[in-house]
Protein chains: 2
Amino acid sequence: MSDTSDESPAPGDEPRAAQAPRGRRPVAVTLWKTAQPLIRGFDALLVEHGASWQVWHILLALGTSPPRTQRELAGAVGIREATLTHHLRAMEDNGLIRRTRMPDNRRVQHVEVTEDGARLFEELRAAAVEFDRRLRAVIGSEDDVARFLEVLGRLAAAAPEGGRDILPEDWPREPGVR
Amino acid sequence: MSDTSDESPAPGDEPRAAQAPRGRRPVAVTLWKTAQPLIRGFDALLVEHGASWQVWHILLALGTSPPRTQRELAGAVGIREATLTHHLRAMEDNGLIRRTRMPDNRRVQHVEVTEDGARLFEELRAAAVEFDRRLRAVIGSEDDVARFLEVLGRLAAAAPEGGRDILPEDWPREPGVR
DNA sequence: ATCTAATCCTTCGAGATCTAAGGTTTGATC
DNA sequence: GATCAAACCTTAGATCTCGAAGGATTAGAT
């Protein structure tokens, strides 16, 4: 996006009613405007393979560390339970997953990846790995990537616990402040 | 979201080790799961002030380097024209902006921030600046922040030109490849 | 002049997402 | 065990977003 490099206030910039914070581009905005097109590009890639970013994300979460409940799964994918229900129903219709009530706790829906689902994920994985390889190349050396991800981890860790259920009064906290 | 921090060495929390078996967490996913809660937290903050993340973003774009057309504005905010129309209508109804047809080119709608809009933005600015200050503190020194933003810039620059209109075949490109 | 194409914006319909509220099942308390 | 609360999921309604198509205006070509 050309706008992500708009530190050029254009020579002869006019004092407008709304004045931006001088010089500093907000971190959160920059982060957003970077993540946004990347995810969209990734999604476009997966759509070509007959899937979508969120379907892939759900399959990934199911494969990585199988969540017990849909709530956990939603948390892992970063969406709400209601939204997950929506996706799971579609995925179930498409035969990618199977849902069964557990006899020992009939509240939970156990989500399982079907053969078809596993096959699809395997196909997507190649594209995803290649995509990731290129992004890492853009970032730099392995150390650069590690440092970058570490910072992201710290930022994410600074986010409120429940995802976005309750915002503590003084959030985000200073580093070290507990 | 506890899951977004499941790889960070996070000082003082370690509830679950649920880690991807084959190492390498996808960069795009990590980026997304960091940006997502941050933006949501920021939005929640602004909502308390009677606005929203996108309203603030639009006001910011209008103030920073006033776009000539709505198309430019949409690009600056990272949304589609159709979506922008939606927001602008609401903002116009709320008296935050004013839209007028230009006599020399009656296709374009010139967007202007009203007094009320400027006043609201001024109020939001304090919250936004403080929010940003804290995020930067989480990242580290000023140099750390600069390095971090530089990487984000490179990632964003690697994205396809029009934002996400056309995905070149070999995207994202290797650094240096043109 | 007129026709065609491009630019700019809006409308429409569909999909993703959220919050809030509801339904079921389970656990705890009396 | 009856009742109340909690856990888990779904449904309903609203909002944000997009793509595609349409309307209006301008610029370019004939």
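Chain letters run A, B, ... following the sequence lines, proteins first, then strands; residues in each count from 1. From a predicted model like this one, the values you see are computed outputs, not experimental measurements.
Partners of Asp116(A) according to the side chain to side chain contact (heavy atoms under 4.5 Å, CB included) rule, which considers only residues two or more places apart in sequence or in another chain, are Thr114(A), Arg119(A). Remark: Asp132(A) engages Arg136(A) in a salt bridge (charged side-chain N to carboxylate O under 4.0 Å, His left out) (not counting sequence neighbours). When the salt bridge (charged side-chain N to carboxylate O under 4.0 Å, His left out) test is applied to Glu115(B), no partner is found at least two apart in sequence or on another chain. Under the salt bridge (charged side-chain N to carboxylate O under 4.0 Å, His left out) criterion, Arg106(B) pairs with no residue at all, not counting sequence neighbours. The side chain to side chain donor-acceptor pair (under 3.5 Å) test applied to Arg71(B) returns Glu81(B), not counting sequence neighbours. The side chain to side chain donor-acceptor pair (under 3.5 Å) search around Arg68(A) returns none, not counting sequence neighbours.
Identified under the side chain to side chain donor-acceptor pair (under 3.5 Å) test for residues 83-92 of chain B, with sequence neighbours left out: Glu92(B)-Arg99(B).
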Just the table, please: protein N/O against nucleotides 4-6 of chain D N/O, every pair under 3.5 Å.
none

Using a cut-off of under 3.5 Å, enumerate the N/O to N/O pairs linking the protein to nucleotides 20-22 of chain D.
none

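The residue Gln70(A) sits close only to the backbone: its heavy atoms come under 4.0 Å of sugar-phosphate atoms, none of a base.
Proximity of residues 86-98 of chain B to DNA chain D (heavy atom under 4.0 angstrom from any strand atom) is restricted to His86(B), His87(B).
Taking side-chain N and O atoms only, Thr85(A) has a distance below 4.0 Å to OP1 or OP2 of dT10(D). Close to dT10(C), at under 4.0 Å from its OP1 or OP2, lies a side-chain N or O of Gln109(B).
Note that the two end axes of the helix from dA1(C)-dT30(D) to dC30(C)-dG1(D) enclose an angle of 0°, each drawn from 5 base pairs, rounded to 10 degrees.
Through direct or indirect side-chain contacts shorter than 4.5 Å among Ile, Leu, Val, Met, Phe, Trp and Tyr, Met102(A) is connected to Val108(A).
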